[in-house]
Amino acid sequence: MSNETLGIIGGTGWLGGSIAQAVLAKALLPAGKLVISNRSGSHPLAQQGVCLVTDNQALVNRSDVVIIAVRPEHFTNLNINATGKTVISLMAGITAQVIAVQTKASVVVRAMPNAAVEIGQSFTPWYCFGEVGATTRSFVQRLFECVGTAAEVQAEDFIDYLSALSGTGPAFPALLMTALANQAMVAGIPADIAQLAAKNVVVNSSQLLSSRDAQQVIDALVAYQGVTAAALQAMTQGHFEEQVGKALQAGAAVAREGLQVG
Ligand SMILES: NC(=O)c1ccc[n+]([C@@H]2O[C@H](COP(=O)([O-])OP(=O)(O)OC[C@H]3O[C@@H](n4cnc5c(N)ncnc54)[C@H](OP(=O)(O)O)[C@@H]3O)[C@@H](O)[C@H]2O)c1
């Protein structure tokens, strides 16, 4: 268990709330070392011994480490002074430099989890802005391991690029699942069967990939020279990978362009 007091601004939202619940469930911190804030001042977490406040500066004053988990457009009006504190931002598209200037934090970390924090299955890349000590790095890694896997990256731009990749969480699988089901229905498969089949491919069959190398799975199935090979070949000829590349670059461009604050 860590000694730090953790404050989560926006600690009742999708990401902030999931992280708050996970640090308690994984016993990273006791409830008494967790402070969360939102504007309404109410949330069931407050019944678990967590301190819930509406005053963000009060949260910062009580905390050693402050997570900013509000939406980017709400950052401008936060008005916190985090001098001497470590600030971890989950916000897409706001640079560490802007966060450091606006919050006066001594240490800024940018992290990019995804919606699967809710089920402990996020991948969270994180980046340290400036000199950050080993103790803080270790805490950040353990913090995000409470909601899945995590890894430090060495360039801030990787966070912007990965916002469009792992940051999108279930979005690409959802798009694929919808396309598979829609196309099956177009081909005359009943809707309920089409949806079961598509869900199986994306959610269930894909579990095999947790223990097998993806390229080896592709090679093995293509080697049959049958149905799967024909289907995947059609995807490849349709420039599937180039389309994925364009999608990632489009998302990353928005993250790099960022939210204009100030
Ligand atoms: N969702 C994702 O998949 C995802 C993925 C990667 C990164 N992110 C980043 O994570 C951040 C949070 O996203 P989210 O989806 O968790 O958003 P969300 O569900 O809307 O949560 C935002 C939280 O912030 C609170 N809030 C808003 N203004 C506040 C203020 N001034 N002071 C204190 N609390 C305030 C809101 O509560 P009240 O309305 O009660 O104040 C709400 O609980 C965003 O910056 C986003 O870029 C999200």
Side-chain angles (χ1 to χ4, degrees), residues 6-23 34-46 50-63 66-82 85 87-96 98-99 102-103 108-127 140 143-144 146-151 153 156 158-175 247-248 251-262:
L6 177 67
I8 308 179
I9 299 177
T12 60
W14 192 341
L15 262 57
S18 298
I19 291 170
Q21 310 233 19
V23 297
L34 186 58
V35 189
I36 59 176
S37 73
N38 67 8
R39 290 167 299 185
S40 59
S42 66
H43 193 267
L45 268 171
V50 174
C51 178
L52 172 60
V53 298
T54 53
D55 179 345
N56 290 319
Q57 190 58 50
L59 175 147
V60 170
N61 293 345
R62 292 180 58 154
S63 306
V66 176
I67 297 179
I68 302 180
V70 301
R71 296 189 184 190
E73 60 269 30
H74 293 146
F75 176 62
T76 319
N77 296 322
L78 273 192
N79 294 325
I80 52 166
N81 183 333
K85 315 282 181 175
V87 163
I88 303 173
S89 166
L90 311 186
M91 297 177 292
I94 300 187
T95 65
V98 166
I99 295 161
Q102 192 177 310
T103 66
V108 174
V109 175
R110 277 189 69 194
M112 193 49 57
N114 65 45
V117 290
E118 190 182 309
I119 54 167
Q121 296 288 344
S122 173
F123 167 61
T124 307
W126 51 275
Y127 167 77
V140 172
L143 172 68
F144 290 113
C146 290
V147 288
T149 55
V153 297
E156 186 169 3
F158 294 174
I159 294 294
D160 292 327
Y161 186 87
L162 292 168
S163 300
L165 201 168
S166 48
T168 62
F172 284 112
L175 191 67
L248 294 174
V254 171
R256 288 179 183 129
E257 186 182 315
L259 184 84
Q260 303 306 310
V261 296

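Owing to the predicted nature of the structure, the values given are computational and were not obtained by experimental measurement. FYI, the numbering just counts along the sequence from 1. Whatever order the structure lists them in is the order used to number ligands and atoms, beginning at 1.
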**Q.** Heavy-atom nearest neighbour in the protein, as seen from atom 15 (O) of ligand 1, with distance rounded to 0.1 Å
**A.** W14 CB, 3.8 Å

Q.
Looking at non-hydrogen atoms alone, which of L78, I19, V70 comes nearest to atom 31 (N) of ligand 1?
A. L78

Q: Identify the heavy atoms of A82 and V87 that sit nearest to each other, and give their distance.
A: CB-CG2, 3.8 Å

Q: Measure across L45 and G17 and return the closest heavy-atom pair with its distance rounded to 0.1 Å.
A: CD1-O, 4.3 Å

(Q) What I'd like to find out is whether the side chain of F75 reaches to under 4.5 Å of the side chain of I9, using heavy atoms alone. (A) no

Q: Could you find the nearest protein heavy atom to atom 39 (O) of ligand 1 and give me its residue, atom name and distance?
A: R39 NH2, 2.8 Å

Q. For ligand 1, is there an atom lying under 4.0 Å from some heavy atom of S37?
A. yes

Q.
Measuring only between side-chain heavy atoms, which start at C-beta, is T12 closer than 4.5 Å to L52?
A. yes

(Q) Quick check: do F123 and L165 have side-chain heavy atoms less than 4.5 Å from each other? (A) no

Q: Looking only at non-hydrogen atoms, find the nearest pair between A22 and V147 and report the distance.
A: CB-CG1, 3.5 Å

Q. Identify the closest protein heavy atom to atom 2 (C) of ligand 1: which residue and atom is it, and at what distance?
A. L15 CD1, 3.6 Å

Q: Considering only non-hydrogen protein atoms, determine which one is nearest to atom 47 (O) of ligand 1 and report residue, atom name and distance to 0.1 Å.
A: A92 N, 3.1 Å

Q) Where on I68 is there a heavy atom closer than 4.0 Å to ligand 1, on the side chain, on the backbone, on both, or on neither? A) neither

Q.
Give the atom numbers and elements of ligand 1 that come within less than 4.0 Å of a heavy atom of P113.
A. 5 (C), 6 (C)

Q.
Regarding ligand 1, does G167 bring an N or O atom to under 3.5 Å of one of the ligand's N or O atoms?
A. no

Q: Look at R110 together with D160 and state whether they make a salt bridge at an N to O cut-off of under 4.0 Å.
A: yes

Q | Nitrogen or oxygen of M112 less than 3.5 angstrom from that of ligand 1 | A | no

Q | Atoms in ligand 1 with a heavy atom of A115 nearer than 4.0 Å | A | 3 (O)

Q. Hey, which atoms in ligand 1 end up nearer than 4.0 Å to a heavy atom of N38?
A. 33 (C), 34 (N), 37 (O), 38 (P), 40 (O), 41 (O)

Q | R71 N/O under 3.5 Å from ligand 1 N/O | A | yes

**Q.** atom 25 (C) of ligand 1: the protein heavy-atom neighbour that sits closest, reported with distance to 0.1 Å
**A.** G10 CA, 3.6 Å

**Q.** Student check: side-chain heavy atoms of C146 and I19 closer than 4.5 Å
**A.** no

Q | Nearest-neighbour protein heavy atom for atom 9 (C) of ligand 1, which is reported as residue plus atom name and distance | A | L90 O, 3.1 Å

Q.
Measuring from atom 13 (O) of ligand 1, which candidate in A69, G13, S42 has the nearest non-hydrogen atom?
A. A69

**Q.** Close side-chain approach of L162 to Y127, heavy-atom, < 4.5 Å
**A.** no

Q) Which part of T54 is near ligand 1, with near meaning a heavy atom under 4.0 Å away: side chain, backbone, both or neither? A) neither

Q: Over all heavy atoms of both residues, which pair between P113 and L15 is shortest? Give the atoms and the distance, please.
A: CG-CD2, 3.9 Å

Q. Quick one: which ligand 1 atoms are inside 4.0 Å of a heavy atom on P72?
A. 44 (C), 45 (O), 47 (O)

Q: Indicate the atoms forming the closest heavy-atom contact of I99 with I94, along with that distance.
A: CD1-O, 3.5 Å

Q: Output the list of atoms in ligand 1 that are nearer than 4.0 Å to some heavy atom of N56, sorted by atom number.
A: 30 (C), 31 (N), 32 (N), 33 (C)

Q: Taking all heavy atoms of A69 and all of I8, pick out the closest pair and write down the distance.
A: CB-CG2, 4.1 Å

